[in-house]
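In what follows, a single structure is set out as structure tokens and then discussed.
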Amino acid sequence: MFHFNLLRMDLRRLFKSRNFHIILLVTAVLILMVSFLTAVISDPETLDEMGASGAELDELDQRMSEEIRNMTQLDLAYETLGGGFLLVMVGMGVTLFVKDDFSSGFVKNICCAQPRRADYVLSKALTAGVYSGIITLLGGVLILLAPYLYGMRPAPNAISDILRYLFWMWLPHWAFAMMALALVLLTRSATLGIILSLVAGGGLTAVLVGTLGKFLGWPPLEQYLLSSVVKGVYTPQSGITQVWTVLTCTVAWAVIYGAGSLLAMEKRDI
């Protein structure tokens, strides 16, 4: 039976972790900066001033500015968060959090008090779900509200649509956090987890798989990678296929990474 004391201890350590607060701060600052730049680009007066000062602006720039002004809140969220920025932050954060157990020797005390390695992995997996949920919520709320701080007035969306969007964004981010967990337990190093978070979260892995697939005549397997799933999430209401794609990919990758985490803990000495 799973010991919830282990989960409570992990959550308590998470909320007191300096790395956790740094990741939250970096996430907030970067989103505010992106929102500011978006507001600058969307302001026609600013574009006119830039053109008057000698900046080279063409019709494409004007069209982009107009498109941004016509976006809804969720349009802006999709364009900003669909690139995998939050995946990178979640992957790096979970990597650093789990690695602290090994660098401090804390994992030895845990495994001595709770010999079942599965309990340790399950506690970390649930903590990763909380971690990814907080990052997703923070990023979503900020990108929805920050434009108003800079004078933008995106058309509001229904609360139900916003909550649905955040939920479907959270699921693949949780699965991505499981990837970071598996890598740390397998390698006991934060370096590989951080590098892969940047590469996979930023979509480079999907590009490489897609390019290789075209060369070898494979089906488009890259669409099932988590970075592609996040890019495709936009309040999936257009059909059950998209909903089931998000859910299936999330569960499949979470199971794979969870099994890898269990195997890594069972096969190696602490």
Side-chain angles (χ1 to χ4, degrees), residues 10-41 73-74 76-104 124-150 152 154 162 165-184 187 189-206 225-227 229-231 233 257:
D10 270 336
L11 292 177
R12 189 161 54 246
R13 290 180 54 244
L14 173 65
F15 294 133
K16 291 182 178 180
S17 169
R18 183 177 66 175
N19 287 332
F20 175 63
H21 293 101
I22 291 175
I23 291 291
L24 293 181
L25 179 61
V26 171
T27 301
V29 169
L30 290 179
I31 288 180
L32 290 174
M33 290 175 60
V34 169
S35 297
F36 173 73
L37 293 175
T38 302
V40 170
I41 295 173
Q73 289 178 306
L74 286 179
L76 285 171
Y78 170 75
E79 293 295 335
T80 304
L81 304 181
F85 163 65
L86 294 184
L87 286 175
V88 173
M89 303 309 296
V90 166
M92 292 176 61
V94 171
T95 296
L96 294 174
F97 175 70
V98 179
K99 178 59 174 63
D100 280 345
D101 283 4
F102 294 93
S103 58
S104 65
K124 286 294 184 289
L126 294 175
T127 304
V130 174
Y131 200 122
S132 57
I134 293 173
I135 294 292
T136 303
L137 181 62
L138 174 67
V141 169
L142 281 179
I143 202 61
L144 291 171
L145 299 181
Y148 294 96
L149 297 176
Y150 305 118
M152 295 182 65
I162 292 174
Y165 173 77
L166 292 175
F167 173 76
W168 289 108
M169 282 288 283
W170 168 57
L171 290 180
H173 283 81
W174 187 357
F176 197 84
M178 292 290 293
M179 179 201 73
L181 169 63
L183 283 173
V184 174
T187 65
S189 170
T191 304
L192 182 59
I194 291 175
I195 293 174
L196 195 56
S197 294
L198 290 168
V199 173
L204 181 57
T205 303
L225 299 182
L226 292 171
S227 60
V229 172
V230 167
K231 187 174 293 186
V233 172
Y257 294 136

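Here the structure is a predicted model, which is why all the values come from computation and not from measurement. Counting from 1, the numbers follow the sequence of the chain as shown.
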Approximate separation, where rounding is to 0.5 Å, of [X] [atom1] and [Y] [atom2]:
X	Y	atom1	atom2	value
H173	I134	NE2	CD1	14.0 Å
L96	I22	CG	CD1	9.0 Å
K99	L192	NZ	CG	12.5 Å
L166	I162	CG	CD1	7.5 Å
L30	L142	CG	CG	11.0 Å
W168	T136	CH2	OG1	14.0 Å

If I compare all heavy atoms of [X] with all of [Y], which pair ends up nearest, and what's the gap?
X	Y	result
L76	P147	CD1-CG, 4.0 Å
I31	F85	CG1-CE2, 3.7 Å
T205	A200	OG1-CA, 3.4 Å
L81	V230	O-CG1, 3.9 Å
L226	Y257	CD1-CE1, 4.4 Å
T95	A180	OG1-CB, 3.4 Å

>> Run the side chain to side chain contact (heavy atoms under 4.5 Å, CB included) test on L87 and S227 for me, step by step, so that the C-alpha distance in whole Å, both residues' side-chain angles and the decisive distance to 0.1 Å come before the verdict.
In response: CA-CA 8 Å; L87 286 175; S227 60; 4.2 Å; yes
> Run the side chain to side chain contact (heavy atoms under 4.5 Å, CB included) check on V29 and M33 step by step: do they pass?
Replying inline: CA-CA 6 Å; V29 169; M33 290 175 60; 3.9 Å; yes
> With under 30° as parallel and over 60° as perpendicular, where do the rings of W174 and W170 fit, or are they tilted in between?
Replying inline: parallel
Flag, side chain of [X] to backbone of [Y], donor-acceptor distance under 3.5 Å:
X	Y	answer
S17	R13	no
S132	G129	yes
H21	F15	yes
Y148	P154	yes
Y150	L32	yes
Y78	K231	yes

> Can you tell which of L144, L138, L145 makes a side chain to side chain contact (heavy atoms under 4.5 Å, CB included) with V141?
Replying inline: L145
> Below 6.0 angstrom between ring centroids: does that apply to F97 and F20?
Replying inline: no
> Going through the checks in order, is the side chain to side chain contact (heavy atoms under 4.5 Å, CB included) test met by F102 and S189?
Replying inline: CA-CA 9 Å; F102 294 93; S189 170; over 6 Å; no
>> Take a 6.0 Å sphere around CZ of F36 and say whether it holds more than 12 heavy atoms from other residues, nucleotides or ligands.
In response: no
>> Run the salt bridge (charged side-chain N to carboxylate O under 4.0 Å, His left out) test on K124 and D101 for me, step by step, so that the C-alpha distance in whole Å, both residues' side-chain angles and the decisive distance to 0.1 Å come before the verdict.
In response: CA-CA 11 Å; K124 286 294 184 289; D101 283 4; 2.8 Å; yes
